[in-house]
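Following: one structure in structure tokens, then a few remarks.
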Number of protein chains: 2
Amino acid sequence: MESYKQLFNEYIAMYRPYINKLNALLASYNLTTAQWSIMLLIFREGAKTIGDISLYQNVEKPTTTKLVQKLIDLGYVEIHAGNDKRVKIVQLSEEGTKVYGQMREKIDHFQKDLSEGISEEERLVVAKVLKKISSKL
Amino acid sequence: MESYKQLFNEYIAMYRPYINKLNALLASYNLTTAQWSIMLLIFREGAKTIGDISLYQNVEKPTTTKLVQKLIDLGYVEIHAGNDKRVKIVQLSEEGTKVYGQMREKIDHFQKDLSEGISEEERLVVAKVLKKISSKL
DNA sequence: AATAATTAGTTTCCCTAACTAACTAATAAA
DNA sequence: TTTATTAGTTAGTTAGGGAAACTAATTATT
């Protein structure tokens, strides 16, 4: 099989098993990957509006609205209005920051475990290649 | 950021844009990625039972039942009983084989385009690494 | 200043893909 | 010949996603 086919085949084959395991970890804090992904974003990049989150995550705004609503219910994020009163700025709550740290540790462990036996160089090649593909999508 | 985090971040970031584009291609034959994925499997590996498909795809049987039902409605696969009359053996229909070939071309083109500028060696590293990770999941 | 257009986010409604639990029918084991 | 197991289906639920139509706030135009 051609190398590019192998690449995309392996890419797709890995997705569901990976997400399932990740969801199993997240379940301890009643989180799902889509919700976690938003927490990750606003931890890394700081407070963001619904619209910004949608852009970053490549989803439509209604989807983000619902996920953020869920995170508010869980007490992990809080929103406040900006100067422009239409926008809602979303950031981690104190509780959310705590949960972030605890989850982060579990996930670090999980991901480190999965990357065992893969050289630093290989990891970087994979990251670089996937990023390059993303940039064309 | 540590290399393993980069790897998983880029992996996740690429998923939705990729699937969305793929679905856009598949839409011309009223297919979705989940359905296409089954066609791909039974093209590559030959006729398979519902149970086998479920195993390969890492999904539960009810999910496969419905996807196969949809493929039958589309006329792309057909089923026949085995010696064991409980099993249903799923294979591509003539129409399905034709559609497979046409889609395959489009997708090959799409994937080739995405992998342009990525060396053969890099492609193989990505495929190898993702496969290795899958094997631990 | 008043009206029109645009923007941010929400609501409603629908889809796909996934799951579990409970079922039917067929086969295998006791 | 019952009993257990297996293959697939049905029913019901959930998460995540999108499109269309909406409200409220802001900007642009006249």
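Numbered from 1 within each chain, the chains take letters A, B, ... in sequence-line order.
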Toward the 5' end of DNA chain D, which comes first, A:T33 or A:R86, by nearest nucleotide?
A:T33
All heavy atoms of A:T64 vs all of A:V59, minimum pair found to be OG1-CG2, 3.4 Å
Go through residues 37-51 of chain A and report each residue with a non-hydrogen atom lying under 4.0 Å from DNA chain C, sorted by number.
A:T49, A:I50, A:G51
Please work out which of the three classes, parallel, tilted or perpendicular, describes the rings of B:Y11 and A:Y11, given edges at 30° and 60°.
tilted
NA contact type, A:Q69, heavy-atom cut-off 4.0 Å: base, sugar-phosphate, or nothing?
nothing
Any N/O pairs under 3.5 Å between the protein and nucleotides 18-20 of chain D? List them or say none.
unit_1 : atom_1 : unit_2 : atom_2 : d
D:dG18 : OP1    : B:R16  : NH2    : 2.8
D:dG18 : OP2    : A:E60  : N      : 2.8
D:dG18 : O6     : A:K66  : NZ     : 2.6

Kindly state whether the ring of B:Y18 and the ring of B:F110 have centres lying under 6.0 angstrom apart.
yes
Leading and trailing nucleotides of DNA chain C with any atom under 4.0 Å from heavy atoms of chain A:
C:dT7 to C:dC19
With sequence neighbours left out, what residues match A:Y76 under ring pair (Phe, Tyr, Trp, His ring centres under 6.0 Å)?
none
So does A:E116 get a backbone contact from the side chain of B:K136, meaning a donor-acceptor N/O pair under 3.5 Å?
yes
Check every strand shown and say whether A:T32 touches a base, only sugar-phosphate, or nothing at a heavy-atom separation below 4.0 Å.
sugar-phosphate
Minimum heavy-atom separation for B:N58 to A:R16, with atom names?
O-NH2, 2.8 Å
Pair up each side-chain donor or acceptor in residues 37-48 of chain A with any protein partner under 3.5 Å, not counting sequence neighbours, and list the distances.
unit_1 : atom_1 : unit_2 : atom_2 : d
A:S37  : OG     : A:Q57  : NE2    : 2.7
A:E45  : OE1    : A:Y56  : OH     : 3.2
A:K48  : NZ     : A:E45  : O      : 3.4

Could you go through residues 122-133 of chain B and list every donor-acceptor pair under 3.5 Å that involves a side-chain atom there, pairing it with any protein atom two or more places apart or in another chain?
unit_1 : atom_1 : unit_2 : atom_2 : d
B:E122 : OE1    : B:S119 : N      : 3.0
B:E122 : OE1    : B:S119 : OG     : 3.4
B:E122 : OE2    : A:K128 : NZ     : 2.6
B:R123 : NE     : B:I118 : O      : 2.9
B:R123 : NH2    : B:S115 : O      : 2.9
B:R123 : NH2    : B:I118 : O      : 3.3
B:K128 : NZ     : A:E122 : OE2    : 2.6
B:K132 : NZ     : A:G117 : O      : 2.9

Do A:T32 and A:K70 pass the side chain to side chain donor-acceptor pair (under 3.5 Å) test, and can you show the C-alpha distance, the side-chain angles, and the key distance before you say yes or no?
CA-CA 10 Å; A:T32 62; A:K70 194 70 207 302; over 6 Å; no
Will you find, in the side chains of B:E60 and B:T63, an N or O donor that is under 3.5 Å from an N or O acceptor?
no
